[in-house]
Amino acid sequence: MNSLIEKAFSSNILEKDEIVFLLQNDFLNAELFDAADKTRKKNIGNKVHLRGLIEFSNICAKNCRYCGLRCSNKKLERYRLNTKNIIECAQKAKNHGIKTVVLQSGEDSFYSIETMQEIIHNLKKLNLAITLSLGEKTYEEYKAYKEAGANRYLLRIETTDPILYKKMHPKMNLNNRITCLKNLKELNYEVGSGCLVGLPNQSLNSLANDLLFLQNLQVDMAGIGPFIANPDTPLAKEPNGSFILALKIMAIMRLLLPKINIPATTSMETLNKNGQIIALQSGANVIMPNVTKINYRKKYIIYPGKTGIEQNEEETILSVKSKIKNIGREISTNFGTSKTWKAK
Ligand code: 5AD
Ligand code: SF4
């Protein structure tokens, strides 16, 4: 094994310049992916956890320049699901043995604390682990969801580069996002974060900082995905991010945080038709099949070409399961709580 990869594999430590070196050069890629795969196997085994993704509202108050859900995008037909619709999606997931649902939406203030509590209470009756992905909220809101029974929260930092963050996120504030992540940690959520790879003018140095930030914060999950240009956003003409670079970031993440949960993201699959399988073999241990009803998922267009958009919930789950089995991995039957998380 190359000495740098060996160091990362045995110590789970990399300096910033070492990460940049790995990102700049491709001659160690095969060894990097292999080391990440071995690290995953050694620390968390062969099981793949499934999370049923419910995209329950595509209405968003924010205006992130890369995202199709941004409030300035007038071309997108908007929708909201009610409690009953959401529970139906969750029940579908449960019927297929899925133990976690991820409730994802734009930043939509229509869903009050009371409404979210009602949704969470109903999902808890189904004995599901609940992950929320609702964006930036106050400490009190996060606390209320946690007390209602939510277990996990996903909030990607997107980029830790302050200049790039500002350019990409009009009227948003990097420090506030960091505060949100710290609040979620304090409330003892299992915290998921992550970054986008390949944003315009994003440097390898800043990507190395993103990795070290996530390591330092000790996230329990990290979702890494390539940027994909959406024609209905100001970044329409920008080139897509690189699949290989995103895969490298994901693999390094696995080396830096050996026990966390790492999803094989849909954006990886969008840029490479075997993207999720390749990710599962390069450090990932989670897949999030979409269990949103087809008529709605068609409208949840963060970026174009999202795979599985024409599939119904059943087909999506079955195809994910067969992918996992075909590469000799097992489907987890437990909640898939991160090995890094402890109840308080
Ligand atoms: N390409 C890839 N990923 C995107 N996201 C938003 N827009 C894009 C895009 N154009 C990601 C963000 C967000 C997640 C829900 O989707 O990282 O956190
Ligand atoms: Fe809204 Fe999230 Fe898209 Fe930003 S990335 S516009 S917050 S849905």
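Counting starts at 1 for both ligands and their atoms, following the listed order.
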Closest heavy-atom contact between E310 and E315? O-OE1, 4.2 Å
So, for S319 and Q311, which heavy atoms are closest and what is the spacing to 0.1 Å? OG-NE2, 3.8 Å
Enumerate the atoms of ligand 1 whose separation from the nearest heavy atom of [X] is less than 4.0 angstrom.
X: P226; answer: 1 (N), 2 (C)
X: C67; answer: 6 (C), 7 (N)
X: F227; answer: 1 (N), 2 (C), 10 (N)

Please state whether L196 comes within less than 4.0 angstrom of ligand 1, counting heavy atoms only. yes
Using 4.0 Å as the upper bound for N to carboxylate O, is an ion pair formed by [Y] and [X]?
X: K84; Y: E88; result: yes
X: K306; Y: E55; result: yes
X: K182; Y: E186; result: no
X: K41; Y: D37; result: no

Run the numbers for me: atoms of ligand 2, each under 4.0 Å from some heavy atom of [X], listed by number.
X: C64; answer: 4 (Fe), 5 (S), 6 (S), 7 (S)
X: R70; answer: 6 (S)
X: C60; answer: 1 (Fe), 6 (S), 7 (S), 8 (S)
X: C67; answer: 3 (Fe), 5 (S), 6 (S), 8 (S)

Does S267, backbone or side chain, put an N or O under 3.5 Å from an N or O of ligand 1? no
Please report whether ligand 1 has a polar contact with N230, defined as an N or O pair separated by less than 3.5 Å (distance criterion only). no
Has K146 got its NZ or CZ under 6.0 Å from the middle of the six-membered ring of Y153, at an angle within 45 degrees of the ring axis? no
Are K99 and F335 in a cation-pi contact, defined as NZ or CZ under 6.0 Å from the six-membered ring centre and within 45° of the axis? yes
Measure from atom 12 (C) of ligand 1 to every heavy atom in E238, R70, M268, E158 and give the option owning the shortest one. E158
Counting only heavy atoms, tell me which of I302, T265, I228 gets closest to atom 1 (N) of ligand 1. I228
With a cut-off of 2.8 Å, does C71 place any N/O/S atom under that distance from atom 1 (Fe) of ligand 2? no
Top protein contact for atom 11 (C) of ligand 1, by heavy-atom distance: R156 NH1, 3.7 Å
Has Y296 got more than 12 heavy atoms of other residues, nucleotides or ligands less than 6.0 Å from its OH? no
Output yes when a protein non-hydrogen atom is found under 4.0 Å of atom 2 (Fe) of ligand 2, and no otherwise. no
